K.L.:
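Here you go, one structure.
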There are 2 protein chains.
Amino acid sequence: MYCGSGGQTGQYQFDRLTRTGATTVGRLDQPAWRAAEEAATVIDKSSGVPAYRQVATAIRAKIDSGEYAPGTPIPSERVLVDQYGVSRPTIRDAIALLRQEGALIAEHGRGVFVRPRTTVVRLSRSRLSREARSANRGAFLGDATAGGFTPSTTMKVRFDPADERTAELLGIDAGEEVTVRDRVMRADGLAVMIAVSRLPRSVTRGTAIEVVDTGPGGAYARLEESGHRLDHFEEIVSARMPTPEEASILQPSSGVPVIRVTRVAYAADRAVEVNDMTMAGDRYELIYHIPAD
Amino acid sequence: MYCGSGGQTGQYQFDRLTRTGATTVGRLDQPAWRAAEEAATVIDKSSGVPAYRQVATAIRAKIDSGEYAPGTPIPSERVLVDQYGVSRPTIRDAIALLRQEGALIAEHGRGVFVRPRTTVVRLSRSRLSREARSANRGAFLGDATAGGFTPSTTMKVRFDPADERTAELLGIDAGEEVTVRDRVMRADGLAVMIAVSRLPRSVTRGTAIEVVDTGPGGAYARLEESGHRLDHFEEIVSARMPTPEEASILQPSSGVPVIRVTRVAYAADRAVEVNDMTMAGDRYELIYHIPAD
DNA sequence: CAGTGGTCTAGACCACTCA
DNA sequence: GAGTGGTCTAGACCACTGA
């Protein structure tokens, strides 16, 4: 089910959108190496360095030098077999290594491409302030038009017993009922963020937080209306490789980690929300502002 | 060259050290599967799901269920070949997938182990404040003893022309000379963080910032003494897979991303330092405190 | 349709670990 | 020296893309 523009708030702000590269992938670009018909880099089998690593190093050098340009295909595996004089599995090992590093992207039936520089979205935390929260109509949907992409959001609400971690973060007993707001944010149809928000049911009962559309100002506004004036937020940031489930939703290029942010919102005397956000690591940067005193 | 305890400050604080697991690897533990001599999970070759993925799913399930416990070895590749009735390369593909997810760790000549739960260090930003900076003797070395590990630091100082990115962040011209403080922090001999700090030479000239040992309170104290009172910091957080160079220093387990933090320190009217920090993603969590208004 | 990457086999030999 | 993972070969067939 989809929710309208009123349902979002207190999310990250699209503070600035940086397009660090705008290369179209493949089909139109002429790879530079096709003109050059270059000599193969020689693989030294007695050097002790595995052949597939030597091949990877050679390809990496050509990417760095610009001979293989972002967005263009590298020679096919069978061509590389001839160029380097090793078997196809060895070539594939080299490519696998570079894919793991995030330098190459394989597309079945099309070719292997130098990863195009991606559009990086910078999320600033400065606008989590009360004024900013009330002023804008919801971070994700609000700034989307400015960023030039079409936003959409899938939202589900359910009620679950709190697991151990949630209970600890919220300062409640495990098993106590929590309201779970499960969200997938998309830009131009592509999932860019998963956000799972959990609040004690004792806090949300009788408020619009228990339905999909929380109304203007979003969940945080409803919290403050119902007597839970927000005092501060805490964010825990970590990074890891995506689980298969996350990978199926976010579809990150292979070799790209996810950034995990757990935000805990505190009212004066208690934690009122824990929000677990997962985003593709190559599409986001988080910006934090820290006063010197 | 090594520097003493006086040279560190303004770095992350070891706010809390969480040992989430203390399993010894391998040799002493009896893997549970050895007792059970389990029946092989059947691979359905007509399902359309690649065999190596089916094997990976089966192994992942055994890890999740606890049948393969953290720190213990899984059956050898040749044994798995028999169990699942596929070739060794196929088994290796399955293991490669799980290594990429960070679930397994291979050790040459010893076996493949379920990744032990690692010690996570939580870095809180709350103590970047002026009082905290002057109160403690340097974050990394100071809190190390509390965390129960032996810290060491390698530090080099050099002077370079500013590259384009540094120049933009510092608000100077590209090519202008900057003081580069290059640091590797180790816990019990293991590198856990790389930090490269760059300051305009015009700011550091004549101060202890240009030598390895900056003295009590560290570089930030010297900055404030020389008239650059710090106003605020900005941190940009991102995640990606390590470059080969980073991997050789940090030696993260395969399949573990690095967390990248770029901190810019601002005096009243100008940026005075940009500090690029790189840490192994499985060993760190960053904590940020954000006021509600 | 030809060309691409994806999957898989049945071997081989090497480097490393540990009893 | 036995067992482990690491590397490598020379094939095979499949699924997908695009002219």
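A note on names: the letters A, B, ... follow the listed sequences, proteins ahead of strands, and every chain is numbered from 1. Everything numeric in this text was worked out from a predicted model, so none of it was measured.
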K.L.:
Starting at CD1 of B/I91 and ending at P of C/dC8, how long is that distance when rounded to a whole Å?
P.N.:
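For the pair B/I91 CD1 and C/dC8 P, the rounded distance is 11 Å.
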K.L.:
Over how many whole Å does the gap from B/D93 atom CG to D/dG6 atom P extend?
P.N.:
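For the pair B/D93 CG and D/dG6 P, the rounded distance is 13 Å.
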K.L.:
Between protein and nucleic acid, restricted to nucleotides 13-16 of chain C and to nitrogen or oxygen atoms under 3.5 Å apart, what atom pairs and distances do you find?
P.N.:
from, atom 1, to, atom 2, distance (Å)
C/dA15, N3, B/H108, NE2, 2.8

K.L.:
Has B/R181 got a side-chain atom pairing as donor or acceptor with B/V212's backbone, closer than 3.5 angstrom?
P.N.:
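Pair found, side chain donor or acceptor close to backbone of B/V212.
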K.L.:
According to side chain to side chain contact (heavy atoms under 4.5 Å, CB included), who are the partners of A/V81, at least two apart in sequence or on a separate chain?
P.N.:
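Counting only residues at least two positions away or on another chain, A/V81 forms a side chain to side chain contact (heavy atoms under 4.5 Å, CB included) with A/R88, A/I91.
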K.L.:
So, does A/S76 get its side chain near the phosphate of C/dG3, meaning an N or O under 4.0 Å from OP1 or OP2?
P.N.:
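No, no such contact exists.
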K.L.:
Please work out if A/P50 contacts a base, only the sugar-phosphate, or nothing of the nucleic acid, heavy-atom cut-off 4.0 Å.
P.N.:
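The answer is sugar-phosphate, as A/P50 gets under 4.0 Å only of primed atoms, P, OP1 or OP2.
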K.L.:
Over its full length, what angle do the end axes of the helix from C/dC1-D/dG18 to C/dC18-D/dG1 make, each axis taken from five pairs and the result rounded to 10 degrees?
P.N.:
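If I round to tens, the end axes sit 20° apart.
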K.L.:
Take atom CZ of B/F113 and atom C1' of D/dG3, then tell me their distance rounded to the nearest Å.
P.N.:
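Going from B/F113 (CZ) to D/dG3 (C1'), I get 13 Å.
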K.L.:
Can you name the residues that form a side chain to side chain donor-acceptor pair (under 3.5 Å) with A/S238, not counting sequence neighbours?
P.N.:
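So A/S238 forms no side chain to side chain donor-acceptor pair (under 3.5 Å) with any residue.
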K.L.:
State, yes or no, whether a side-chain contact exists between A/L104 and A/I63 at a heavy-atom distance under 4.5 Å.
P.N.:
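Yes. Closest side-chain heavy atoms under 4.5 Å.
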K.L.:
Check every atom of C/dC8, D/dT7, D/dT9 against the side chain of A/S87 and return the nucleotide holding the closest atom.
P.N.:
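For A/S87, the side-chain atoms sit closest to D/dT9.
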K.L.:
Looking at residues at least two apart in the chain, or sitting in another chain, which of them share a side chain to side chain donor-acceptor pair (under 3.5 Å) with B/T57?
P.N.:
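With sequence neighbours excluded, B/T57 shows a side chain to side chain donor-acceptor pair (under 3.5 Å) to no residue whatsoever.
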K.L.:
With sequence neighbours excluded, what pairs up with A/R165 under the side chain to side chain contact (heavy atoms under 4.5 Å, CB included) test?
P.N.:
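Applying side chain to side chain contact (heavy atoms under 4.5 Å, CB included) to A/R165 gives A/D163, A/L169, A/T262, A/D276.
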K.L.:
Using heavy-atom distances to pick each residue's nearest nucleotide on DNA chain D, tell me which of B/G111 and A/G85 is more 5'.
P.N.:
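In this pair, the answer is B/G111.
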K.L.:
With side chains defined as the heavy atoms from C-beta onward, is the minimum distance between A/Y84 and A/I59 less than 4.5 Å?
P.N.:
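Sidechains of A/I59 and A/Y84: in contact.
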K.L.:
Could you give the CD-to-P distance, from A/E107 to C/dT4, as a whole number of Å?
P.N.:
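In whole Å, C/dT4 P lies 15 Å from A/E107 CD.
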K.L.:
As a test of reading the structure: which of D/dG11, C/dG5, D/dG5 is closest to the side chain of B/E77, going by heavy atoms?
P.N.:
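Closest nucleotide to the B/E77 side chain: D/dG5.
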K.L.:
Provide the closest heavy-atom pair for B/P257 versus B/P242 in the form atom of the first, atom of the second, distance.
P.N.:
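That closest heavy-atom pairing would be CA-CD, 4.2 Å.
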K.L.:
Under 4.0 Å: is that the gap between some side-chain N or O of A/T90 and OP1 or OP2 of D/dT9?
P.N.:
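Yes, within the criterion.
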K.L.:
When the distance from CG of A/L80 to P of D/dT9 is rounded to whole Å, what number comes out?
P.N.:
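Distance check: A/L80 CG to D/dT9 P gives 14 Å.
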K.L.:
Give the rounded distance in Å between these two atoms: CG of A/D82 and C1' of C/dT4.
P.N.:
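Those two atoms, CG and C1', are 15 Å apart.
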K.L.:
Grab the CD1-P distance between A/I95 and C/dG5 for me, whole Å please.
P.N.:
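Those two atoms, CD1 and P, are 7 Å apart.
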K.L.:
Between D/dT9 atom P and B/R92 atom CZ, what is the distance in whole Å?
P.N.:
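Atom-to-atom, B/R92 to D/dT9, this comes out as 15 Å.
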K.L.:
Should B/Y284 and B/V192 count as side-chain neighbours, where that means a heavy-atom distance under 4.5 Å?
P.N.:
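Counting from C-beta outward, B/Y284 and B/V192 do come under 4.5 Å.
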